Amino acid sequence: MTDDMEGLWSVGTAQYFLTTVLLMVGLYGIVARQHLLRKLMAMNILQVAVIVFFIALSAKSGATVPVVIEDGLEINVASYVNPLPHALMLTAIVVSVSTTGVALALLIRIRRRYGTLSETMLLAKLRE
Amino acid sequence: MSAHLPVLVVMVPLLAAVVVPLLGRRSPGAAHAVTLTALGFALAASGLLLSAVVTGGVWRYELAGWAPPWGIEYVLDPLSAGMMVLVSFLALATSIYAWSYLSASDPQRIGIFDSLYLLLVTGLLGIVATGDLFNLYVFLEISAIAAYALLSTGGERATVATFRYLLIGTVAASCYLLGVGFLYALTGTLNMADLTARLADVGESPAKAAGVSLIVIGLAIKAALFPFHGWQPDVYTYAPPPVTGFVAAVMTKVSAYAIFRVLYFTLGGEPAAGSALVFLGWAGVIAIVAGSWLALSQTDIRRMLAYSSVSQMGYIFFGFSLGSPIALVGALFHVLNHAVVKGCLFLVAGGVGWRTGVSSVAGFVGMGRRLPLSMLAFAVAAVSLVGLPPTAGFFSKWYLLLGAFEAEAWIGVGAVVVSTGLSAVYFFRIFERAFVVADDRLSSAQSNDLPVGMLGPALVLAAIVLLLGLFQQPLITHVLQRALPVAVS
Amino acid sequence: MIPTLDPLAVVFLTLMIICAISVLAVRDLLTSVTIFGTFSFFSATYFAILGAVDVAFTEAAVGAAITAVFFVTAIFRTDRGAD
Amino acid sequence: MFRLSLVPLVVLGALLMTAAGGLPPVGDPESPAATHVSPRYISRGPEETGATNLVTGVLADYRSYDTLGETAVICAAGLACWLILGARWREDGGAQ
Amino acid sequence: MKLAFGSPALDAASRLMTPFMLMFGAYVVVHGHDSPGGGFQGGVIIAACIILVRLVRGRAGGWMLAPERALAFACAGLGIFIGVGLLGPIFGGNFLDYSALPLLLEAPKARAAGSMAIEIGVAVTVTGVLSLIFDALVEARDDG
């Protein structure tokens with residue numbers, strides 16, 4: 001590993017660690033928060049964390065956005081970031097907004113019937 | 001067009017799903033006819049595919065005309081084609097049942113219901129057919145979202161149960177996606193076959209192990225394997241009967257299939273896959289006993305069946321972990337057997353609740369007289385689940401036990417024996433009430449069986465259980481043994 | 001020599017984590033959603049820094065606008081109750 | 001109970017961090033992801049798909065089948081919301 | 001519940017903004033090939049425009065995509081996508097293989113045209129579904 005690779009390494013791995021922290025925050029929210037709407041926000045955070053992870057995989061030092069500008073020339077692979085994870089993550093974003101929409105619809109029904117969205121109160125009402 | 005059969009099997013239901021909601025507003029009958037036609041087509045086409053791949057070998061189909069690993073491919077071998085037949089057959093059977101159920105209670109929503117049903121089937125077929133890890137995720141989500149909507153229609157308690165399932169299911173899908181991300185970072189590919197080749201060159205590392213375990217955990221949650229089964233009993237108990245009949249029968253099996261596909265085909269020979277299988281085996285053994293034990297203490301019939309599903313998934317994963325040809329044949333046969341059996345049991349249990357309002361085990365007194373044919377189907381399926389000859393369940397357990405003896409997995413053998421005993425107890429509890437106990441008040445009750453549309457599918461499934469048992473030998477030699485990964489057989 | 005990645009990425013990732021924690025910690029749900037919108041906006045910026053303009057665009061439109069509006073609507077339909 | 005559930009969470013986080021340390025660093029131009037499948041998308045994408053935006057090229061052409069699935073997911077979400085909330089809300093139609 | 005934050009200023013602003021938003025949405029869909037954007041993003045922008053008007057003016061704005069029509073949009077968009085995909089097998093290519101289409105264009109141009117068609121399908125679906133979800137969330141009745 002060369003010297004300038006060292007610098008890359010530090011910025012590079014720090015992002016994985018921070019992504020993991022983000023993932024854990026989301027997971028913690030789903031497990032520990034009481035209000036169902038907040039659980040849902042935590043779920044969104046979790047999904048964003050996964051998206052961040054994929055986008056981090058697509059990065060290339062010294063490369064630019066994947067829109068080709070040079071015309072007719074030989075395209076240099078090293079000068080554009082990897083477009084595949086971007087395409088995948090667009091799909092993942094769509095999935096996350098769809099899931100959120102369905103979940104909110106369910107929450108409105110739950111609230112209408114049980115009058116609460118707090119997990120403990122809901123469990124108490126279900127036990128009756 | 002027959003060259004495009006692999007993709008048409010998945011696309012025809014999807015196309016029908018687009019048409020049906022628009023049609024359903026004017027004429028629910030026409031909408032349901034389209035649904036049945038599409039599912040019938042899927043069944044016929046997957047049957048053709050199965051016969052083609054059994055004789056002609058693996059069939060690969062490049063979607064959008066791009067060669068893998070750049071494009072996405074469908075890979076059909078006897079295993080996936082067989083699963084497609086299973087999925088589309090149960091979809092057709094439960095869809096016929098759904099018509100009788102819905103047209104009586106909620107004709108307004110048939111179009112929308114059928115459309116989501118078709119989307120669910122499309123998702124499951126896509127998972128089975130695909131040879132690409134990310135494409136599997138997309139279809140996993142199609143099936144999941146359609147399932148959330150369908151499961152939540154069973155009333156208010158179902159809504160709460162479904163919301164929990166939605167959270168857990170999304171965590172599972174995110175786990176899976178993260179695992180795919182790890183493997184992608186290590187190999188740069190998403191195609192399963194390409195991944196196999198590239199991963200062999202990557203040295204052992206925690207990253208590889210993490211990728212494999214995340215994928216396995218994600219799919220195991222979806223498959224409701226023992227420590228991850230928390231979402232399942234509530235969902236199965238409160239969902240509407242036709243949906244439970246299909247979801248309980250097929251959805252968890254498709255996740256189990258995906259684990260099998262990933263661990264044996266894509267990651268075959270990887271040490272990480274080996275350790276994942278050991279974990280799954282132990283989880284399976286615990287599930288076999290714990291599921292049966294919990295089922296025994298339930299008073300609600302559908303909840304009892306749900307816990308029994310936990311136990312049966314344990315058998316399947318126990319078989320997977322043994323890894324010998326005979327155990328794998330047993331596990332795959334058990335996938336087949338349990339899908340048909342559980343579909344039948346849930347359809348009858350739901351039908352009984354629909355007709356008589358009875359949902360508790362205690363309420364089954366005299367049911368054998370009131371709903372004789374339904375209870376006959378129930379009995380046949382239950383006998384198969386317990387594992388008595390000549391039903392399919394006997395043979396699948398027999399092969400599993402042979403595999404366990406061969407591997408000298410005595411704890412597993414013990415678990416299977418204990419669980420068989422327990423399941424015999426909890427089903428004979430019902431048989432006793434339904435057929436033996438004489439209830440004076442009910443002795444004069446007329447036989448008032450389910451309508452043909454609901455009874456028919458249940459009886460057909462029961463008949464299939466018997467046929468699977470009778471024709472197990474040709475089925476195993478011609479299909480199941482060819483479905484095994486090359487390295488094993 | 002390979003130029004190193006922009007350290008700004010790490011800064012924005014840290015901001016995202018702070019926002020995520022606040023989303024879960026704040027008592028009022030509406031405030032929580034507002035912070036969630038900020039979170040999405042920071043994540044969009046992070047994606048843009050790493051060169052994923054399409055994803056950044058989508059995340060900004062979906063996370064900060066559509067999802068936030070859905071959440072606000074749902075909160076108005078249900079309750080702003082504290083956790 | 002919640003405190004207890006934190007333990008597996010922290011363990012999982014630590015394991016993931018260890019595992020992530022073994023991945024190629026972010027931005028590494030020699031990583032497998034940057035050298036295996038994606039070079040073709042970049043070098044030949046514009047001439048093969050006619051899209052200079054490489055992401056669109058991948059999304060709408062090389063992996064268009066994923067996009068089909070994605071569209072089906074959205075469609076399913078719309079149908080799902082209709083099924084979950086629709087029954088009540090159609091009764092009074094456009095009145096209000 | 002009426003979710004309309006009506007005020008003259010907001011009303012005027014929304015009237016002023018909507019044409020540009022719609023145009024921008026359409027631009028994003030059509031120019032997805034050469035610049036960031038595409039069917040999904042464009043659809044989101046158009047849906048956001050509809051939701052904005054609904055927020056400001058409520059149902060009276062006349063911008064309401066009736067739920068039934070929104071659903072029809074959603075299905076139609078997916079239908080367009082599958083239809084374009086099925087043209088491949090009809091003209092002798094694989095599913096979704098646009099280069100097989102008899103467009104009298106060289107392969108990359110034909111592929112670009114096919115991609116454009118599916119992007120429009122995606123945009124239609126996204127517009128329909130997002131406004132449908134918003135309407136479902138807003139209009140859900142508060143009884144029971």
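These numbers were taken from a predicted model, which means no experiment stands behind them. Computed over heavy atoms, backbone and side chain alike; hydrogens, waters and symmetry mates excluded. A, B, ... follow the sequence lines: proteins, then strands. Residue 1 opens every chain.
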Problem - Residue pair E:I82, D:T71: steps toward the side chain to side chain contact (heavy atoms under 4.5 Å, CB included) verdict - result: CA-CA 10 Å; E:I82 304 170; D:T71 316; over 6 Å; no
Completion exercise
In short, D:L79 meets E:L71 closest at the heavy-atom pair CD2-CD1, 3.8 Å
Exercise for the section: Work out which heavy atom in E:Y98 is nearest to a heavy atom in D:S64; give both atom names and the distance. Expected result: OH-CB, 3.6 Å
Practice task
Quick one: list whatever passes side chain to side chain donor-acceptor pair (under 3.5 Å) with E:E119, sequence neighbours left out.
Solution key: none
Handout entry: Side chain, backbone, both or neither of D:T49 within contact of chain E (heavy atoms, under 4.5 Å)
Key = backbone
Exercise for the section: Could you list which of residues 54-61 of chain D have a heavy atom closer than 4.5 Å to any heavy atom of chain E, in residue-number order? Expected result: D:T56, D:A60, D:D61
Exercise for the section: Starting at CH2 of D:W82, measure out to CG of E:D135 and round the result to the nearest 0.5 Å. Expected result: 10.0 Å
Practice task
Select one option (side chain, backbone, both, neither) describing which atoms of E:L78 are under 4.5 Å from chain D's heavy atoms.
Solution key: both
Fill in the blank from the handout: dist D:I74:CD1 -> E:F40:CZ (nearest 0.5 Å) comes out at 5.0 Å
Exercise for the section: Evaluate whether atom CE of E:M17 has more than 12 neighbouring non-hydrogen atoms of other residues, nucleotides or ligands under 6.0 angstrom away. Expected result: no
Problem - E:R111 CZ to D:Y62 OH distance, which is reported to the nearest 0.5 Å - result: 8.0 Å
Problem - From D:L68 atom CG to E:I118 atom CD1, the distance as rounded to the nearest 0.5 Å - result: 8.0 Å
Exercise for the section: Hey, could you give me the CG/OG1 distance between E:D34 and D:T52, rounded to the nearest 0.5 Å? Expected result: 4.0 Å
Practice task
Report the distance from atom CZ of E:F134 to atom SG of D:C81, rounding to the nearest 0.5 Å.
Solution key: 12.5 Å
